[in-house]
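The next block holds one structure in the form of structure tokens; read it before the comments.
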Amino acid sequence: MPSATPKIRFEHVGKTFPLRTPRTARAAPERFTALQDIDLDIAPGEFSVIVGPSGCGKSTLLDLLGGLTHPTRGRVLLDGAPVTGPGRDRGTVFQSYALLPWRTARGNVEFGLEAGGTPRRERAEKAAEYLSLVGLDGFADRHPHELSGGMRQRVALARSLAYDPDVLLMDEPFAALDAQTRESLQEELLGVWRRTGKTVVFITHSIDEAVLLGERVTVLTSRPGRVKERVTVDLGERAPSDDPRSSPEFAAYRHRVRELLHGEVSRAQELERSALRGKETAA
Ligand code: ADP
Ligand code: MG
């Protein structure tokens with residue numbers, strides 16, 4: 001699966017944040033290491049999933065790709081060139097819908113196109129096309145408060161797809177949805193990915209979701225986030241009516257990712273406990 005030129009490359013990427021401002025001008029601020037020495041290649045058209053314990057730097061990693069923040073060390077490359085800022089070659093879908101409440105579903109999808117200077121008529125056509133693609137025919141005139149959580153997330157997906165980015169960045173996009181809505185959105189997203197061949201970087205807490213969606217699942221360590229292991233998932237070809245979750249292959253991948261992840265979650269909890277003990281001793 002790895003191709004000669006990766007679509008995305010993390011090269012020894014580190015990211016630290018200043019912890020607090022120093023009391024004196026001479027003291028350097030303490031820094032918190034969110035990501036350490038991340039090396040990661042993502043092939044063109046790959047569906048790449050990233051899992052890791054809470055606080056391990058998953059959102060930070062996606063922000064680096066989105067150009068919303070910059071690495072402290074190393075480089076993030078997109079098509080071989082360093083990411084310098086946000087761009088329309090990448091579309092992001094967050095956990096919370098980030099829709100404009102005063103605009104209809106259509107208006108929200110068109111919003112992403114207005115910034116790109118798409119003519120009005122074409123915007124309307126594209127909005128209709130992408131709302132239909134995500135199963136929202138007939139809901140174009142509804143406002144976000146008139147839509148369910150799943151429908152709002154469909155609008156957010158349509159908005160990102162409408163301006164045709166090469167790369168979709170998704171930060172726990174289905175985490176707030178009920179199980180059934182989540183399953184149908186997972187299917188829709190796989191369908192969109194198969195039809196469009198976009199590169200997807202998808203972050204999740206859910207092991208099942210990771211194995212179901214990912215061609216490769218990257219497990220990050222707890223603080224600081226490093227690449228613990230990459231698991232290549234091959235569930236084989238199957239009829240659309242089959243539920244892949246019930247296959248023995250699925251169970252084996254789920255077990256593998258769970259093992260990798262659980263070691264890290266325990267380590268994160270142990271770190272937390274020892275930090276608390278340190279505080280008690282100091283007090
Ligand atoms: P995750 O998405 O895996 O839960 P994040 O990437 O959101 O983790 O955060 C990783 C760590 O970096 C957390 O401990 C968080 O508190 C810290 N962090 C994230 N953004 C900032 C920031 N702008 N300033 C300081 N610390 C931050
Ligand atoms: Mg996060």
Side-chain angles (χ1 to χ4, degrees), residues 8 10 12-23 27-40 42 48-76 83-86 90-98 149 153 156-157 160 167-177 182 185 189 200-210 213-214 216-231 257-258 260-276 278-279:
I8 294 161
F10 283 78
H12 304 301
V13 170
K15 179 69 183 174
T16 64
F17 294 107
L19 266 182
R20 59 180 88 84
T21 44
R23 293 216 181 90
E30 280 185 70
R31 298 190 73 88
F32 171 83
T33 305
L35 293 171
Q36 195 173 64
D37 203 28
I38 300 280
D39 274 318
L40 194 61
I42 295 171
S48 207
V49 173
I50 293 166
V51 292
S54 169
C56 76
K58 301 181 295 297
S59 295
T60 303
L61 196 135
L62 215 65
D63 287 349
L64 288 166
L65 259 178
L68 303 176
T69 181
H70 301 284
T72 323
R73 280 167 191 254
R75 304 193 298 169
V76 181
V83 169
T84 54
R90 285 148 289 153
T92 309
V93 182
F94 297 102
Q95 178 179 334
S96 56
Y97 319 104
Q153 206 55 317
L157 183 58
S160 288
V167 179
L168 269 182
L169 306 175
M170 309 188 81
D171 195 352
E172 307 199 37
F174 306 150
L177 306 177
R182 187 175 186 148
L185 272 159
L189 177 62
V200 181
V201 185
F202 188 104
I203 286 172
T204 180
H205 260 103
S206 157
I207 296 168
D208 275 34
E209 185 165 75
L213 296 178
R216 281 204 281 181
V217 177
T218 302
V219 182
L220 297 185
T221 64
S222 56
R223 290 171 290 168
R226 276 170 278 133
V227 174
K228 176 159 183 145
E229 194 160 320
R230 299 195 82 185
V231 179
V257 175
R258 183 183 298 275
L260 289 165
L261 198 55
H262 277 197
E264 289 312 312
V265 171
S266 332
R267 203 170 71 83
Q269 286 163 349
E270 183 47 44
L271 280 173
E272 218 144 83
R273 275 196 293 273
S274 63
L276 280 175
K279 262 187 205 151

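Because the structure is a prediction, the values reported are computed rather than measured. Numbering of ligands and ligand atoms starts at 1, following listing order. When a residue number appears, it is its place in the shown sequence, counting from 1. Just so you know, these numbers use all the heavy atoms, side chains as well, and skip hydrogens, waters and symmetry mates.
- Among all heavy-atom pairs drawn from Val83 and Leu65, the shortest one is CG1-O, 3.8 Å.
- Here the heavy atom of the protein found nearest to atom 12 (O) of ligand 1 is Phe32 CE2, 3.4 Å.
- Taking only nitrogen or oxygen atoms, main chain and side chain alike, Gly55 reaches within less than 3.5 Å of ligand 1.
- Polar contact check, Thr60 against ligand 1: a nitrogen or oxygen pair lies under 3.5 Å apart.
- One finds the CD atom of Glu172 at 8.5 Å from the CD atom of Glu209 (value rounded to the nearest 0.5 Å).
- Checked by atom type and distance alone, the side chain of Lys58 never pairs as donor or acceptor with a backbone atom of Ile50 at under 3.5 Å.
- For ligand 1, the polar-atom distance check against Cys56 finds a nitrogen or oxygen pair separated by under 3.5 Å.
- Here the side chain of Thr221 pairs a donor or acceptor atom with the backbone of Pro224 at under 3.5 angstrom.
- The distance criterion of under 3.5 Å between nitrogen or oxygen atoms is not met by Pro18 with respect to ligand 1.
- The two residues Arg90 and Gly67 come nearest to each other via the heavy atoms NH1-N, 3.8 Å.
- Counting backbone and side-chain atoms alike, Ser54 contributes no N/O/S atom closer than 2.8 Å to the Mg ion (ligand 2).
- The protein non-hydrogen atom at the shortest distance from atom 19 (C) of ligand 1 is Phe17 CE1, 3.5 Å.
- Within the 3.5 Å criterion, the main-chain N or O of Leu220 finds no donor-acceptor partner in the side chain of Glu229.
- For ligand 1, the atoms lying closer than 4.0 Å to a non-hydrogen atom of Ala34 are 12 (O).
- For atom 7 (O) of ligand 1, the nearest non-hydrogen atom of the protein is Ser59 CB, 3.7 Å.
- Remark: ligand 1 and Ser54 share no N or O pair separated by less than 3.5 Å (distance only, no angle test).
- In plain terms, the two heavy atoms of Asp171 and Ser59 that are nearest each other are OD2-OG, 2.7 Å.
- Checking atom 17 (C) of ligand 1 against the protein gives a heavy-atom contact under 4.0 Å.
- Among all non-hydrogen protein atoms, the one lying nearest atom 8 (O) of ligand 1 is Gly57 N, 3.2 Å.
- No donor-acceptor contact under 3.5 angstrom links the side chains of Arg216 and Ser48, judged on distance only.
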